[in-house]
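Written out below as structure tokens is the structure these notes cover.
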There are 2 protein chains.
Amino acid sequence: MDGQEEDDSARSLGEALFRDILALIHSGGIAPGATLGEATLARQFGVSRGPVREAIRRLQGIGLVTREPFARARVALLDRAAVDDLFDMRVALEGRACALAATRMDESAITSLLAALEQARRRDLGDPDIPPDDFDFHLQLIEHARSPRISAVLGGDLYPLLRLYRRWSGARPERKSVAYQEHWQILRAIRSRDADLARSLMEQHIEKARANLMTALDASPTIRPAPAAHSPAVPTAPILPADQA
Amino acid sequence: MDGQEEDDSARSLGEALFRDILALIHSGGIAPGATLGEATLARQFGVSRGPVREAIRRLQGIGLVTREPFARARVALLDRAAVDDLFDMRVALEGRACALAATRMDESAITSLLAALEQARRRDLGDPDIPPDDFDFHLQLIEHARSPRISAVLGGDLYPLLRLYRRWSGARPERKSVAYQEHWQILRAIRSRDADLARSLMEQHIEKARANLMTALDASPTIRPAPAAHSPAVPTAPILPADQA
DNA sequence: TTTGGCATAAGTGTTGACAGTTTGGCGGGG
DNA sequence: CCCCGCCAAACTGTCAACACTTATGCCAAA
């Protein structure tokens, strides 16, 4: 009766719990530094500890929770070092994905993506209050790189973390227009089949995002560990704005 | 009494089982394409299904086993597409790691690594039958990049897979000398603090390894699915030669 | 002979309970 | 007043059993 939406896209409870707990952290229901115990979460979601264990295990796999052998799991703190590490990996993977896309995308896909980008820009800049569509340039581009492994890590692991960081730092809307411009430049490089240029552009683009997040993080130096994790918890999905950088 | 070495480096059974099953696949005890059932493995190792489930889950996480919701897990087939994907990711991550190392390594670390490289080269080329020391240039370099996330993925996930592929394709010893030379060039670029050059060199180096593996894979086009996975299984650790490319 | 459906079997997903370990607090001693 | 050792509560790791899903083999009908 309370929160327990069964997501039909996940066949197993563990998978669904992974998303649910991720959403909980996104929405701020759990806050970084808080401790999440298996039994507590199990009671909260009305399931047994098995699926919860799997979900936490996977959360640990993506580096969102830290845990030593017998200690309880804690949501990773959001400090500069972690952001730096995260972005190092993102630059590596997305730069390569961009180069691959420049080689593997066909003309129709490029024009289609270009059109989608333009449409998203219009809608986004014209009506700022409309949720910026869930069009995500980066995810689309990654998908077009046709590298299952890179797609899985980027889309399944890194991006949820990035969204989390963005939630705590706050994205600045005035950067959107320049971000769109950079996206357009990248696509142009891809259209001219210049893989090196496309990668370089993408790397610079992401480096800018890193710098942005860093300054935003400096404003609120460290996320405080948050008092308790016993909040009734709203299991509703977070309504974060789509990616922008 | 049969295979069940307790590795003290793993505090939980799940972790130990992860390594054990990995070793089993490495040693050829399970062979790609074979199906591994939880109950079977549980009986084989004398534990319950819980830890086995966690181990398989993690194996699935690194892409070594494929699995749809309710079907049994199968060891991933070793085809060209998988190798291509694997190396795309490796180029991305290790290229970046190399650039980071060029920035972050201090002089003493560089000279130390250089000396270790020279020592390994001598021992390896001089006494070909001696196991080439478990000195692994790539792993050392990755460690020096000081990026926990990249290190974890590369050292914990990708490299076990690479060793598996090399086991089935066979490494050619005549490539060792040229590999050493390339390693030396990379280190020289790092010493001169030329991050771009170091990355480029590393990328080319890995691309060569990819081409090598591809031709070796063409010789034996596809690994046959192997008849049964019920072999008594030798749980002894695999004695694979150290990395070389 | 081939094809369709069905019953059995195998296997995974999930659950609740038990054992071992860590952590926090409490009391006694210095 | 501070420090050390002990105790209890909480939590994780592990296990055996139940429910549900999928695959396999057989049998009958066309």
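Sequence lines set the chain letters: A, B, ... in the order given, protein chains first and strands last, and positions in each chain run from 1. Fair warning: this is a prediction, and the values are worked out from it, not measured in the lab.
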Partner residues of [X] under the side chain to side chain contact (heavy atoms under 4.5 Å, CB included) criterion, sequence neighbours left out:
X: A/R146; answer: A/R104
X: A/A211; answer: none
X: B/D85; answer: A/S147, A/P148, A/R149
X: A/A109; answer: A/M105, A/D106, A/H144

Contact list for residues 63-73 of chain B, test side chain to side chain donor-acceptor pair (under 3.5 Å), sequence neighbours left out: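 Pairs touching residues 63-73 of chain B that pass the test: B/Q60-B/R67.
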All pairs passing salt bridge (Lys or Arg N to Asp or Glu O under 4.0 Å) where residues 22-32 of chain A contributes a residue, at least two apart: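 Listed once each, the pairs would be none.
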Gap between atom CD of B/Q44 and atom CG of B/D20 - 0.5 Å precision: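 Spacing of CG (B/D20) from CD (B/Q44) equals 10.5 Å.
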B/L162 CG to B/H138 NE2 distance, which is reported to the nearest 0.5 Å: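 Answer rounded to 0.5 Å: 9.5 Å.
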Between protein and nucleotides 9-11 of chain D, what N or O pairs are separated by less than 3.5 Å?
none

Atom CD of A/E143: over 12 foreign heavy atoms under 6.0 Å: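 Check fails, neighbour count at 12 or below.
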With sequence neighbours excluded, residues passing salt bridge (Lys or Arg N to Asp or Glu O under 4.0 Å) with B/R96: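 With neighbours one apart ignored, the set is A/D88, A/E207.
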A/E54: salt bridge (Lys or Arg N to Asp or Glu O under 4.0 Å) partners, not counting sequence neighbours: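 A/E54 satisfies salt bridge (Lys or Arg N to Asp or Glu O under 4.0 Å) with B/R53, B/R57 once adjacent residues are dropped.
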Test: B/R58 cationic atom under 6.0 Å from B/F18 six-membered ring centre, within 45° of axis: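 Judged by the rule (NZ or CZ under 6.0 Å from the ring centre, within 45° of its axis), B/R58 counts as positioned above B/F18.
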Nucleic acid contacts - residues 56-69 of chain A versus DNA chain C, non-hydrogen atoms under 4.0 Å: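 Listed by number, there are none.
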Bracket notation of DNA chain D in which parentheses pair within the strand, [ ] cross earlier pairs, and | pairs with another strand (Watson-Crick or G-U, under 3.5 Å): ||||||||||||||||||||||||||||||
Collect all protein-nucleotide pairs involving nucleotides 14-16 of chain C in which both atoms are nitrogen or oxygen and the distance is under 3.5 Å.
residue : atom : partner : partner atom : Å
C/dT14  : OP1  : A/L13   : N            : 2.4
C/dT15  : OP2  : A/S48   : N            : 3.1

